[in-house]
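Along the sequence shown, residues carry numbers from 1.
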Amino acid sequence: MKITTADMTASQKRKLSLGLLMLFMFAGIIAGTLLVIKDADRDFVTTDLFSQRLIKGGQAKTLFKVFQDSFLPLAAILLSQMICGFFAVGQPLCAFTLFHRGAAGGISAALIYCEYGLKGFFIIVVMLFPVLVFNMYILIFGARESVRLSNTIVGFLFGKECGDNLSIRLYLIKFLVLTAFALICSVLDSAVTYIFTGLLLKNH
């Protein structure tokens, strides 16, 4: 029996939308890994534009610098997602933010493994994977809200009544909450990075 979105419950539709958005991040991870393989000289993949400062290195940093490198890129993506929601064509740009973050994670994981070999696996599991998972949930929920508002604006432009769907105040509050979660994530990431850098990276 064929099931369409019209036959789905609200809960099933939410799960489907989150699953589709998650695919963009997974596609980004694969693309980032392949980019490291292609860029043998590491001319591009190590730049902040590609890695988004997710690369874990052994260089000495202050705790504030570690926090800054963790929080600012994540906050910038959330801001981009929030802005995309106010445009009728914001959906693909919002999806790209997920792909880009996934690519940064794939690039960072691949570079760590190339640099440290088997030891890199433990570095990834301890220092990179947890923050990526936390980031994924924060950004996917941000993307979902952004796409939802963007779709509402599209419907409004084509004469569809918005009803209670268009609540800018609630939209901004949701992104404020997501930013708070991003702050918490970055604090935890900073603590883990600061603690384990000396144990896992400096002795390489």
Side-chain angles (χ1 to χ4, degrees), residues 18-19 21-36 45-82 94-146 174-204:
L18 291 176
L21 291 172
M22 197 175 294
L23 287 177
F24 284 102
M25 285 205 75
F26 286 139
I29 291 173
I30 295 172
T33 304
L34 294 176
L35 190 58
V36 170
V45 294
T46 55
T47 62
D48 289 346
L49 177 63
F50 284 93
S51 68
Q52 295 185 16
R53 303 183 185 179
L54 280 173
I55 299 174
K56 307 297 182 179
Q59 65 271 27
K61 292 182 180 180
T62 64
L63 186 58
F64 178 75
K65 176 62 175 174
V66 174
F67 170 77
Q68 188 180 50
D69 287 346
S70 178
F71 178 69
L72 291 183
L74 187 57
I77 297 173
L78 281 173
L79 179 61
S80 299
Q81 289 181 340
M82 185 187 71
C94 190
F96 179 75
T97 64
L98 298 176
F99 179 85
H100 191 193
R101 189 62 169 181
I107 287 170
S108 301
L111 288 175
I112 290 171
Y113 189 80
C114 290
E115 178 70 18
Y116 294 93
L118 184 60
K119 184 182 177 182
F121 173 77
F122 297 100
I123 297 173
I124 293 168
V125 169
V126 174
M127 300 179 67
L128 182 62
F129 182 72
V131 69
L132 275 181
V133 172
F134 207 159
N135 283 185
M136 180 177 69
Y137 280 103
I138 292 171
L139 296 179
I140 283 176
F141 279 107
R144 185 186 69 173
E145 295 304 320
S146 178
K174 286 180 179 179
F175 270 95
L176 187 62
V177 171
L178 289 173
T179 302
F181 278 114
L183 184 65
I184 294 171
C185 177
S186 297
V187 169
L188 295 176
D189 180 33
S190 302
V192 170
T193 301
Y194 195 77
I195 292 170
F196 285 97
T197 293
L199 297 175
L200 294 175
L201 298 179
K202 284 188 177 180
N203 294 327
H204 174 67

Participant: Minimum heavy-atom separation for Thr33 to Gly106, with atom names?
Facilitator: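 Where Thr33 meets Gly106 most closely, the heavy atoms are OG1-O, 3.7 Å.
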Participant: Quick one, Ile77 and Ile138 - any side-chain contact, counting heavy atoms below 4.5 Å?
Facilitator: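 A side-chain contact under 4.5 Å is absent here.
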Participant: What heavy-atom pair brings Gly120 and Ile112 nearest, and what distance separates the two atoms?
Facilitator: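 Closest approach of Gly120 to Ile112: O-CG2, 3.7 Å.
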Participant: Does Phe24, at its CZ atom, have more than 12 non-hydrogen atoms belonging to other residues, nucleotides or ligands within less than 6.0 Å?
Facilitator: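 No, not enclosed.
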Participant: With heavy-atom distances below 4.5 Å as the criterion, would you say the side chains of Leu78 and Gln81 are in contact?
Facilitator: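 Yes; the side chains approach each other to less than 4.5 Å.
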Participant: Check step by step if side-chain contact (heavy atoms from CB on, under 4.5 Å) holds for Ser70 and Thr193.
Facilitator: CA-CA 10 Å; Ser70 178; Thr193 301; over 6 Å; no
Participant: So for atom CZ, which belongs to Phe134, do other residues, nucleotides or ligands contribute more than 12 heavy atoms lying within a distance under 6.0 Å?
Facilitator: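 Count over threshold, so yes.
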Participant: If I take atom CE from residue Met25 and atom OG1 from residue Thr97, how far apart are they, to the nearest 0.5 angstrom?
Facilitator: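 Answer for the CE-OG1 pair, Met25 versus Thr97, is 8.5 Å.
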Participant: Would Leu74 and Gln52 count as a side-chain contact (heavy atoms from CB on, under 4.5 Å) if you check the C-alpha gap in whole Å, the side-chain angles of each, and the deciding distance to 0.1 Å?
Facilitator: CA-CA 9 Å; Leu74 187 57; Gln52 295 185 16; over 6 Å; no
Participant: If you compare all heavy atoms of Leu18 against all heavy atoms of Ile140, which two are closest, and at what distance to 0.1 Å?
Facilitator: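 Heavy-atom minimum between the residues: CD2-CG2, 3.5 Å.
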Participant: Say whether, by atom type as modelled, one donor and one acceptor occur between the side chain of Asp189 and the main chain of Cys185 under 3.5 angstrom.
Facilitator: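 No; zero donor-acceptor contacts below 3.5 Å.
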Participant: Of all the heavy-atom pairs spanning Leu54 and Gly105, show the shortest one and how long it is.
Facilitator: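 Minimum heavy-atom contact is CD1-N, 3.8 Å.
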Participant: For the pair Leu21 and Leu98, evaluate side-chain contact (heavy atoms from CB on, under 4.5 Å) and give the outcome as yes or no after the intermediate values.
Facilitator: CA-CA 8 Å; Leu21 291 172; Leu98 298 176; 3.8 Å; yes
Participant: Do Val36 and Leu111 come within less than 4.5 Å of each other through their side chains, counting heavy atoms only?
Facilitator: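 The answer is yes; the side chains approach within 4.5 Å.
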Participant: Specify the closest pair of heavy atoms between Tyr113 and Phe121, including all atoms of both residues, with the distance to one decimal.
Facilitator: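 Scanning both residues completely, I find the closest heavy atoms to be CD1-N, 4.3 Å.
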Participant: Should the pair Phe67 and Phe71 be assigned to parallel (<30°), tilted (30 to 60°) or perpendicular (>60°) ring geometry?
Facilitator: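 Correct class here is parallel.
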Participant: As an exercise, state the distance from CZ of Phe181 to OH of Tyr137, rounded to the nearest 0.5 Å.
Facilitator: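 Going from the CZ atom of Phe181 to the OH atom of Tyr137 covers 13.5 Å.
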Participant: Roughly how far, to the nearest 0.5 Å, is OG of Ser108 from CZ of Arg53?
Facilitator: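 Output value for this atom pair is 12.5 Å.
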Participant: Could you grab the distance from atom CD of Glu115 to atom CD1 of Ile123, nearest 0.5 Å is fine?
Facilitator: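 So the gap between those two atoms works out to 9.0 Å.
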Participant: Roughly how far, to the nearest 0.5 Å, is CZ of Phe129 from CE of Met136?
Facilitator: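 Rounded to the nearest 0.5 Å, the CE-CZ separation comes to 7.5 Å.
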Participant: Minimum heavy-atom separation for Met127 and Phe196, please, with both atom names.
Facilitator: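 Heavy atoms of Met127 and Phe196 come nearest at SD-CB, 3.9 Å.
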Participant: Can you tell me how far CD of Glu145 sits from SG of Cys94, rounded to the nearest 0.5 angstrom?
Facilitator: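 Cys94 atom SG to Glu145 atom CD measures 10.0 Å (nearest 0.5 Å).
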